[in-house]
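Below: the structure, in C-alpha cells.
Treat the numbers as computed from the prediction; the structure is a model and nothing was measured. In each ligand, atom 1 is the first atom listed, and ligand 1 is the first ligand listed. In this chain, residues are counted from 1 in sequence order.
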Amino acid sequence: MPENKPIYVTQPALPELKDFIPYLEQIWENKILTNNGPFHQQLEKELAAFLGVPYISLFANGTLALLTALQVLRITGEVITTPYSFVATTHSLWWNNIKPVFVDIEPEYGNLDPEKIEAAITPKTTAIMPVHVYGNPCKVERMQEIADTYGLKVIYDAAHTFGVNYNGQSICNYGDLSILSFHATKVFNTMEGGAIVCHDAATKKRIDYLKNFGFAGETKVMAPGINSKMNEMQAALGLLQLKGYPQNAEKRKVIAETYRKELANVKGISLLDEPENTDANHAYFPIFIDEKEYGMSRDELYEKLRQSNVFGRRYFYPLISEFSMYKSLDSARPANLPIASKMANEVICLPIYPELESDSIKKITALL
Ligand code: T4K
C-alpha cells in the first residue's frame, strides 16, 4: 500500500467485474430493464430467504423506501423519531407532511430511548420511527409495548441493519415495517438500492402498488403512488453481492475485533459495547472522544486524522434537529436532547470495510 493513500470511512465491496458480465448479457438479451423483471423477482426471493423475513419489496434507494413506507400505513400527524441519524430519516416525514417529534436517545447504543417516548405522545401521534443506528438493535420489545398501549405503528429505519439477527431472527421482523438501504456505503450494496420488509402478503401487495405509481393492473390506479422501483442492473448486482456477503461480513468482524483490542485501553476513547443476543454486522465503528481525558477535542482529532489521510466521519453530527428546516420545532431544543447532543459532539466513525488492509488499521490505531 502506498504510504499515504487516503483511507476513507468505507469503500464498497464489489464482486469481480468478469462475474457481472454474464448478468449484463442476460439483460441485453431479454431487454427487460425494470418493472419487476426476472432479476428483481429472483433477488426478492433470495433476500427473503437469506435474511429470514417473510416478505421483502425492493426499492431504488432507502430514502424512497422510507417515503413509501409512511404511505403504505397511511401515517399522518406527528411521528416520534430520533435526531441521531442520517437526515433521510426525518426528511421522509417532512416529504409526507408529517411533523417530526424528536425524542432523546439512550447512551448505550444511541438508539431512540423508549422510556422517553410516552411523554412526547399527543392525540396527533400516529407512529414511532426509530433507527437501529450503526446496526445495533433498538430496545424492540419495549418499543412494541409502548406502540401497542397507545395504538401506534412502528416503522424501523433499518438502513444500517442488513444481516443483523436479534434473539435468533432478523431484526427486520420487529415492528410493522423495516426499511433497508443498499447504498454503496452499506454492508450490502446494489450501488443504490433499498427495501421494505413486511409481515404479510396483503401489505406487500400494497407496497408494490405504491412503488409503481399505484398501478393495480393495466388500467387501475389505487393510490397516488411513486416510481421507486429497483432496476434490473441493481438487482443483478445484488444477486452477485449476496454470494460475497458472508465472507465480507467475516472480514468486517475481524477488523472490529482488532479495533476493540487496540483501543480498549486508550484513555478518553470509549466504544459501544457489543449488543447482547445479537449477530452484529459491524457496519460502522464509532468511537467517542472525551476531550478532557483524551487531551484533545473530537474535532481536533478528526482534523489530525484527515491530515494523515484518514477520513473518518462524524456520523451523526450535527443532529438532524439542528438543521435549519427542523431547528424551530419545540422538540428540537438541545435541552430536550442532551444525550444525543453529547454523542453527536463526541463521535468519529473509523474506517471499516472488507478490504481495509491491516497496515491501514495499524496506522489508524497508532494515530489514535
Ligand atoms: N436512513 C439511514 C439511517 C441512513 O444512514 C441512510 C443513508 C438512509 C436512511 C437513506 O438511505 P439511501 O437513500 O442512501 O439508500 C452516506 C450515504 O450516501 C447514505 O446512504 C448513508 N445513509 C449515510 C450514512 O452515508 P455521505 O454523504 O456520508 O456519503 P459519501 O459520499 O461522503 O461517502 C462516504 C465515503 O464512502 C466517501 O468518503 C468514500 C466512500 N465511497 C462513497 C461512495 C458513494 C466510495 O468509496 N464509493 C462510493 O461510491 O452519505
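Among all non-hydrogen protein atoms, the one lying nearest atom 35 (C) of ligand 1 is V9 CG1, 3.8 Å. Looking only at heavy atoms of the protein, atom 11 (O) of ligand 1 is closest to S181 OG, 3.5 Å. In terms of protein heavy-atom proximity, atom 10 (C) of ligand 1 is closest to T63 OG1, 3.5 Å. Summary of contacts: the protein heavy atom closest to atom 38 (O) of ligand 1 is Y8 CD2, 3.6 Å. The protein heavy-atom contact nearest to atom 41 (N) of ligand 1 is T10 O, 4.2 Å. Here the heavy atom of the protein found nearest to atom 33 (O) of ligand 1 is T185 CG2, 3.8 Å. The protein heavy atom nearest to atom 49 (O) of ligand 1 is A184 CB, 3.6 Å. Residue, atom and distance of the protein heavy atom nearest to atom 45 (C) of ligand 1 are P12 CD, 3.5 Å.
In this structure, K251 places its NZ atom where more than 12 heavy-atom neighbours from other residues, nucleotides or ligands lie under 6.0 Å away. Enclosure of atom CE in M296 by more than 12 non-hydrogen atoms of other residues, nucleotides or ligands within 6.0 angstrom is indicated. No more than 12 heavy atoms of other residues, nucleotides or ligands shown are found within 6.0 angstrom of NZ on K205. Under a cut-off of 6.0 angstrom, the local environment of CG in N277 is crowded, with over 12 non-hydrogen atoms contributed by other residues, nucleotides or ligands. Within a 6.0 Å radius of CG in D200, other residues, nucleotides and ligands contribute more than 12 heavy atoms.
Those atoms of ligand 1 that come under 4.0 Å of a heavy atom in A88, given as number and element, are 8 (C), 9 (C), 10 (C). When each atom of ligand 1 is checked for a heavy atom of Y284 under 4.0 Å away, the hits are 24 (C). Interface atoms of ligand 1 facing S85, defined by a heavy-atom separation under 4.0 Å, are 3 (C). Under a 4.0 Å criterion applied to the non-hydrogen atoms of G62, ligand 1 contributes the atoms 11 (O), 12 (P), 13 (O), 15 (O). Heavy-atom contacts of G193 reach the following atoms of ligand 1: 15 (O) (cutoff under 4.0 Å). Remark: ligand 1 atoms within the under-4.0 Å shell around heavy atoms of A159 are 1 (N), 2 (C), 3 (C), 4 (C), 9 (C).
In terms of the side-chain contact (heavy atoms from CB on, under 4.5 Å) criterion, residue partners of S228 (sequence neighbours excluded) are, by chain and number, F59, L64, T68, K211, I226.
Residue contacts with ligand 1, taken as heavy atom pairs separated by less than 4.0 Å, involve R313 solely via side-chain atoms from C-beta onward. By the criterion of a heavy-atom distance under 4.0 Å, the side chain of Y315, and not its backbone, is placed next to ligand 1. Neither the backbone nor the side chain of F59 has any atom closer than 4.0 Å to an atom of ligand 1 (non-hydrogen atoms only).
Of the options H183, K186, H91, the smallest heavy-atom separation from atom 22 (N) of ligand 1 is shown by K186.
Partner of H160 under the ring pair (Phe, Tyr, Trp, His ring centres under 6.0 Å) criterion, out of Y84, Y315, F316: F316 alone.
Looking at D208 and K204, a side-chain N of the basic residue comes within less than 4.0 Å of a carboxylate O on the acidic one, giving a salt bridge. Taking the charged nitrogens against the carboxylate oxygens, K139 and E108 do have a contact shorter than 4.0 Å, which makes a salt bridge.
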With salt bridge (Lys or Arg N to Asp or Glu O under 4.0 Å) as the test, would you mind laying out the steps for R142 and E145 before giving the verdict?
-> CA-CA 5 Å; R142 185 70 185 118; E145 233 172 67; 2.6 Å; yes
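Side-chain N or O atoms of R313 include none that pairs as donor or acceptor with a backbone N or O of C349 at under 3.5 Å. N189 places a side-chain N or O within 3.5 Å of a backbone atom of A13 that can act as its donor or acceptor partner.
For the pair Y84 and ligand 1, no heavy-atom separation below 4.0 Å is found.
Protein heavy atoms are absent from the space less than 4.0 angstrom from atom 31 (O) of ligand 1.
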